[in-house]
Amino acid sequence: MMDIVVIGAGQAGSSLVAKLRALGHEGSITLIGEEPVPPYQRPPLSKAYLLGDMEESRLYLRPEAFYADQGITLRLGGKVTAIDRENREVHLGDERISYDALALTTGSQPRALPAAIGGDLEGVFTVRSLADIDRMQPELREGRRALIIGGGYIGLEAAAVCAKLGMQVVLVEMADRILQRVAALQTSDYFRGLHQRHGVDIREGTGLERLTGEGRVSGAVLSDGEDLAADVVIVGVGITPCTQLAELAGVLLDNGIKTDAKGRTSDPAIYAAGDCASFPYKGGRIRLESVGNAIDQAEVVAENMLGAEKDYIAKPWFWSDQYDTKLQIAGLNTGYDDIVTRPGEGGAVSFWYYCGDELRAVDAMNDSRAYMVGKRLIEMGKSPAKAAIGDPASDLKALMRG
């Protein structure tokens, strides 16, 4: 029987080991995670959990007893120091764990501000782990001044939480507009307006020169020279894949751990899935940072570790919750050259990304119907006429039959 080790106890790692048992694997399974808690959901960390609306136990993907019941050895608080590919062993300090097949689901880590500009001051936080949020939560109180660095989805979600808690919020984004890297101008405009209506002061085209304070942050100097007071700073300037172990082991990297369509790395005994892995997609190579990808890719990898030889076909989708707005995204908007706006009911709206006549992606704000139809159309390879999409009287479901 094959012994399988999985390094990284997040969404991908938890999904992978559960799938292995569901498929009937009878060999040993060891899941190793650095954090001291069972695998948990990350998206609610910057939303419901940060607001205090969700208990820690509800974050857990499965009860801790699940792993023991399934015969899965869960090693929490365990830091893997090396992978010995020749002897097929994982090192946890002096301990050695043998494997026949190994999966890397090591996820990603937030980019931090350099210490040279105050990134190590007390009161400066990133948003990634349960421990991050537990440290941050007591600092978020009504009347305090929050500075958010970065106008991507993490930064905007943090700004929404701070505003809902009655804090004074300033968000700075170095690019010309918020969400510039990930969304169209129309989506940026929508969320800028939403945040401004909730009192958030958004500064676009403005960078951070340095944070100020003795031991603890007290303010910031912005790129335009302004001195800004701040009690709390939340940094949301992107994430990077956790590839250090793979690199030390000599596994090939390419915007993450490089895998083939089956999730196999340059070492045929080692697989990768989730945020840390890049894979072939439509003639290119991508890496997806999303719950959906972590689950789907990990489950295909589980099948392939047991011999299925199945290609992973990504169906990208994402979401973000800010105030009373749910943004749902289907597809990837890379290469778009036109946006079609479709008004929905009660202030809902969706933006449809086209490249020529090809539908690439949909951003839907409080319009789950537009999202679901758009997702199905993209997966089916169908691209409705732009005029039909832009006409709110047209029947969206009928477009799938056309």
Side-chain angles (χ1 to χ4, degrees), residues 34-35 42-53 56 108-181 191-192 195-196 198-240 242 320 322-323:
E34 285 193 10
E35 296 184 63
R42 292 192 190 276
L45 290 178
S46 58
K47 308 175 186 78
Y49 185 75
L50 185 54
L51 273 170
D53 293 340
E56 180 180 317
S108 53
Q109 59 195 2
R111 291 192 177 99
L113 296 181
I117 63 168
D120 59 351
L121 290 171
E122 188 180 341
V124 179
F125 302 95
T126 53
V127 181
R128 189 62 183 167
S129 70
L130 183 58
D132 290 337
I133 304 304
D134 285 344
R135 285 193 297 267
M136 184 192 311
Q137 196 174 43
E139 301 270 5
L140 306 187
R141 301 193 299 273
E142 185 175 358
R144 301 193 84 195
R145 298 162 299 189
L147 172 62
I148 314 295
I149 310 296
Y153 289 119
I154 288 292
L156 291 173
E157 288 170 3
V161 167
C162 291
K164 288 177 78 170
L165 292 172
M167 301 180 73
Q168 302 172 43
V169 185
V170 176
L171 182 147
V172 297
E173 168 54 56
M174 186 183 300
D176 293 338
R177 59 180 173 87
I178 58 172
L179 301 175
Q180 181 166 300
R181 186 179 65 86
F191 282 99
R192 183 188 307 107
H195 280 270
Q196 289 174 340
H198 283 85
V200 176
D201 181 357
I202 292 182
R203 315 281 187 89
E204 293 163 304
T206 304
L208 173 70
E209 191 71 27
R210 68 183 184 279
L211 300 177
T212 57
E214 296 295 326
R216 181 181 175 88
V217 70
S218 60
V221 178
L222 305 184
S223 60
D224 59 7
E226 181 181 358
D227 284 305
L228 197 68
D231 301 305
V232 178
V233 174
I234 301 175
V235 180
V237 292
I239 60 178
T240 57
C242 294
S320 177
Q322 298 169 45
Y323 309 105

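Taking both residues in full, the closest heavy atoms of Val124 and Gly119 are given as CG1-O, 3.9 Å, listed atom of the first, atom of the second, then distance. Nearest heavy atoms, Arg216 versus Leu121: N-CD2, 4.1 Å. Between Ala220 and Leu208 the shortest heavy-atom distance is CB-CD1, 3.7 Å. Between Cys242 and Ser108, the shortest heavy-atom distance links the atoms SG-C, 3.5 Å. The shortest heavy-atom contact between Ser218 and Gly213 is OG-CA, 3.4 Å. When all heavy atoms of Val127 and Ser46 are compared, the closest pair comes out as CG1-CB, 3.7 Å.
Here Tyr323 pairs with His195, His198 under the ring-ring contact (aromatic ring centres under 6.0 Å, His included) rule; sequence neighbours left out. Every residue two or more places apart in sequence or in another chain that forms a side-chain contact (heavy atoms from CB on, under 4.5 Å) with Asp53 is listed here: Ala48, Leu51. Among residues two or more places apart in sequence or in another chain, the side-chain contact (heavy atoms from CB on, under 4.5 Å) test is passed with Ser320 by Tyr153, Glu157, Gln322, Leu327.
To the nearest 0.5 Å, the span separating CG on Leu45 from CG on Leu50 amounts to 8.5 Å. Taking CD1 of Ile234 as the reference point, atom CG of Leu147 lies at 9.0 Å (rounded to 0.5 Å). Leu211 contributes atom CG, which lies 9.5 Å from atom CG of Asp120 (distance to the nearest 0.5 angstrom). For the atom pair CZ of Arg177 and CZ of Arg192, the computed distance is 8.5 Å after rounding to the nearest 0.5 Å. Between Leu179 atom CG and Glu204 atom CD the span is 9.0 Å, to the nearest 0.5 Å. Residue Lys164 holds its NZ atom at 14.5 Å from CD of Glu142, rounded to the nearest 0.5 Å.
Looking only at distances, a side-chain donor or acceptor of Asp231 sits under 3.5 Å from a matching main-chain atom of Arg145. With hydrogens and angles disregarded, a donor-acceptor distance shorter than 3.5 Å links the side chain of Asp132 to the backbone of Ser129. Side-chain atoms of Arg203 never come within 3.5 Å of backbone atoms of Val170 as a donor-acceptor pair (strictly under, hydrogens ignored). Thr212 places a side-chain N or O within 3.5 Å of a backbone atom of Gly219 that can act as its donor or acceptor partner. The backbone N or O of Glu226 sits nowhere less than 3.5 Å from a side-chain atom of Glu209 that would complete a donor-acceptor pair.
Checked against Leu156 for a side chain to side chain contact (heavy atoms under 4.5 Å, CB included), the options Ile178, Ile148, Val161 give a single hit: Ile178.
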